[in-house]
Q: 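Once you've had a glance at the structure underneath, I'll fire off some questions.
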Number of protein chains: 2
Amino acid sequence: MFELDLRSRRPIYEQLVDKLKQLIINDVLKQDEQLPSVRTLAQQLSINPNTIQKAYRELEAQGYIYSVKGKGSFVSQMVAENNEHQIKQAKDQLKKQIAEALFIGLTVQDLKEILEEVIGGEPNDSNAERK
Amino acid sequence: MFELDLRSRRPIYEQLVDKLKQLIINDVLKQDEQLPSVRTLAQQLSINPNTIQKAYRELEAQGYIYSVKGKGSFVSQMVAENNEHQIKQAKDQLKKQIAEALFIGLTVQDLKEILEEVIGGEPNDSNAERK
DNA sequence: TTAACTGTATTAGTATGTTTAGTACAGTTT
DNA sequence: AAACTGTACTAAACATACTAATACAGTTAA
């Protein structure tokens, strides 16, 4: 399903959270699609089921998936409600990131290109309402 | 000089690296300005000098400061040369971050505002050359 | 030269976090 | 009932972060 760097100083469960987020965001894993079970995925990746569970728990806490005992774990639909804190955090982080990018040498042109590139693949959301 | 959250799960030295980066990027610490010595800063922050040193070592590795034995640590001038890898990394990370921001509910309008906001405080760099 | 500063290195001990292993229990599906 | 699902718990191994103490080398000013 994907590759992990077991030798990295970055915890496996964090790598897992990141990879799965990307799959969900990029719509590779679609809404309500079932994720592999903790045991199955653990076997596929040759790591401990507890590590998978930790990643799933984190993803559930962040609202990316939901788990049902006895059934499985599924991709949840992202709702912009109740996310004010998360949104503010994302904004702050982006500001930092952009300032740092400029500092190390990216041009304003670079940034605009990146923005256009990412927006290109997204449905136009600029009329969306958020309470 | 700044505040640290000793109770955070985030390592102290990482918080230090982050704070100092921000000070350098925002020109609070200016080029060739001397940073507090590892011992002085350690005393001010009530933490171990080794932890400061670890942060300084990391900042030096990332090119933000340079240290001279017997003299001290100083803010270095950021050069866009030799940073191709770092720049590519920053671009990739920004793309990820933006995609995630859109996913959790930020609008394209939000992103454009953020970009304008950060660019506003920066010298216009769009004519800069990078080999 | 000496004293007091600077960065740097090393060793050891403690604490915390990550990962594995094993076991167990509850709910679902066939 | 059997085989799957998520979830919880304990114990041990291991890695990392941090502190503490000490030491050494280079710089600077008295």
Side-chain angles (χ1 to χ4, degrees), chain A residues 1-21 23-24 29 31-76, chain B residues 1-21 23-24 29 31-76:
Chain A
M1 195 172 195
F2 34 57
E3 310 145 17
L4 297 176
D5 182 3
L6 301 182
R7 275 175 275 174
S8 167
R9 24 274 170 239
R10 188 142 185 252
I12 299 176
Y13 81 95
E14 274 192 20
Q15 295 182 47
L16 261 172
V17 167
D18 202 62
K19 298 274 188 189
L20 286 169
K21 262 195 202 177
L23 292 181
I24 294 173
L29 293 174
Q31 191 173 332
D32 290 319
E33 180 171 343
Q34 182 164 10
L35 298 170
S37 77
V38 291
R39 290 174 181 83
T40 302
L41 189 51
Q43 200 166 16
Q44 281 179 15
L45 300 177
S46 303
I47 59 181
N48 195 282
N50 292 337
T51 305
I52 309 288
Q53 196 203 339
K54 188 166 186 178
Y56 280 12
R57 194 189 309 142
E58 178 65 21
L59 284 168
E60 185 166 24
Q62 291 187 30
Y64 286 83
I65 70 174
Y66 62 94
S67 296
V68 184
K69 203 192 298 189
K71 299 193 69 175
S73 299
F74 307 86
V75 177
S76 61
Chain B
M1 196 172 193
F2 34 56
E3 311 143 18
L4 296 176
D5 181 3
L6 301 184
R7 276 175 276 174
S8 168
R9 23 274 167 238
R10 189 144 185 249
I12 299 177
Y13 82 95
E14 274 192 22
Q15 295 182 48
L16 261 172
V17 168
D18 202 62
K19 299 275 188 189
L20 286 169
K21 260 194 202 178
L23 292 180
I24 293 173
L29 293 173
Q31 191 173 332
D32 289 319
E33 180 173 341
Q34 183 164 10
L35 297 171
S37 78
V38 290
R39 290 174 181 83
T40 302
L41 189 51
Q43 200 166 15
Q44 280 177 14
L45 300 177
S46 303
I47 58 181
N48 195 282
N50 292 339
T51 306
I52 309 288
Q53 196 203 340
K54 189 167 186 178
Y56 280 12
R57 195 188 309 141
E58 178 64 22
L59 284 168
E60 187 165 23
Q62 292 187 30
Y64 285 84
I65 70 174
Y66 61 93
S67 296
V68 184
K69 203 191 300 189
K71 300 193 67 173
S73 299
F74 307 85
V75 177
S76 60

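We name chains A, B, ... by the order of the sequence lines, and we start the count at 1 in each one. Both backbone and side-chain heavy atoms feed into the values below; hydrogens, waters and symmetry mates do not.
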Q: Tell me: CG of Asn48(B) to P of dA15(C), nearest whole Å?
A: 15 Å
Q: When the distance from CD1 of Ile47(A) to P of dC14(D) is rounded to whole Å, what number comes out?
A: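 In whole Å, dC14(D) P and Ile47(A) CD1 are 19 Å from each other.
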Q: Whole Å only: how far is the CD1 atom of Ile52(B) from the P atom of dA17(D)?
A: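 Taking CD1 of Ile52(B) and P of dA17(D), I get 15 Å after rounding.
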Q: Where the side chain of Glu58(A) meets the backbone of Val17(A), is there a donor-acceptor pair that is under 3.5 Å apart?
A: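 No, Glu58(A) side chain to Val17(A) backbone: no donor-acceptor pair under 3.5 Å.
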Q: For the pair made of CD in Gln53(A) and P in dA8(D), what is the distance, rounded to whole Å?
A: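 Interatomic distance, CD of Gln53(A) to P of dA8(D): 7 Å.
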Q: Is there a donor on the side chain of Arg39(B) or the base of dT8(C) sitting less than 3.5 Å from an acceptor on the other?
A: yes
Q: Considering only dC18(D), dT28(C), dT28(D), which nucleotide approaches the side chain of Lys71(B) most closely?
A: dT28(D)
Q: Under 4.0 Å between a side-chain N or O of Lys69(B) and OP1 or OP2 of dT27(D)?
A: no
Q: Determine whether Leu6(A) and Ile47(A) make a side-chain contact, defined as any pair of heavy atoms from C-beta on separated by less than 4.5 Å.
A: yes
Q: Can you tell me how far C1' of dA15(D) sits from CZ of Arg7(A), to the nearest Å?
A: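 After rounding, the gap between these two atoms is 16 Å.
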Q: Which listed nucleotide (dT8(C), dT5(D), dT7(D)) is nearest to the side chain of Glu60(A)?
A: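 From the listed options, dT7(D) comes nearest.
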Q: CD of Gln43(B) versus P of dT6(C): gap in Å, rounded?
A: 10 Å
Q: Rounded to the nearest 0.5 Å, how far apart are CZ of Arg57(A) and OG of Ser73(A)?
A: 11.5 Å
Q: With the side chain counted from C-beta on, respond yes when Tyr56(A) and Leu35(A) share a heavy-atom pair under 4.5 Å apart, and no when they do not.
A: yes
Q: Here's a test of your reading of the structure: between Ser8(A) and Asn50(A), which maps to the more 5' nucleotide of DNA chain D?
A: Asn50(A)
Q: If you pin Arg10(A) and Thr40(B) to their nearest nucleotides in DNA chain C, which one's is more 5'?
A: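 Nearest nucleotide further toward 5': that of Thr40(B).
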Q: Nearest whole angstrom, please: distance from the P of dA17(D) to the CD of Glu58(B).
A: 10 Å
Q: Step through the shown structure and confirm whether more than 12 heavy atoms of other residues, nucleotides or ligands are within 6.0 Å of CD on Gln43(B).
A: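 No - once you tally the heavy atoms of other residues, nucleotides and ligands closer than 6.0 Å, there are 12 at most.
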Q: Roughly how many Å is it from CG in Leu4(B) to P in dC18(D), rounded to a whole number?
A: 10 Å
Q: How do Arg9(A) and Leu6(B) order along DNA chain D: which one's closest nucleotide is nearer the 5' end?
A: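 Between the two, 5'-proximity favours Arg9(A).
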Q: Of all the choices, dT7(D), dT20(C), dA17(D), which nucleotide is nearest to the side chain of Ile12(A) once you look at every atom?
A: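 Taking heavy atoms from C-beta onward, the closest nucleotide is dT20(C).
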Q: Within the structure, does a side-chain N or O atom of Ser73(B) lie under 4.0 Å from either OP1 or OP2 of dG7(C)?
A: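 So the side-chain polar atoms of Ser73(B) do come within 4.0 Å of the phosphate oxygens OP1 or OP2 of dG7(C), strictly under.
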Q: Is any side-chain nitrogen or oxygen of Tyr13(B) closer than 4.0 Å to OP1 or OP2 of dA17(D)?
A: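 Yes, within the criterion.
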Q: With a 4.0 Å limit, can you tell me whether Thr51(B) has a side-chain N or O closer than that to the phosphate oxygens OP1/OP2 of dT19(D)?
A: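 Answer yes for this pair, as a side-chain N or O of Thr51(B) is under 4.0 Å from OP1 or OP2.
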Q: Taking only the side-chain nitrogens and oxygens of Ser67(A), find out if one of them lies under 4.0 Å from OP1 or OP2 of dT7(D).
A: yes
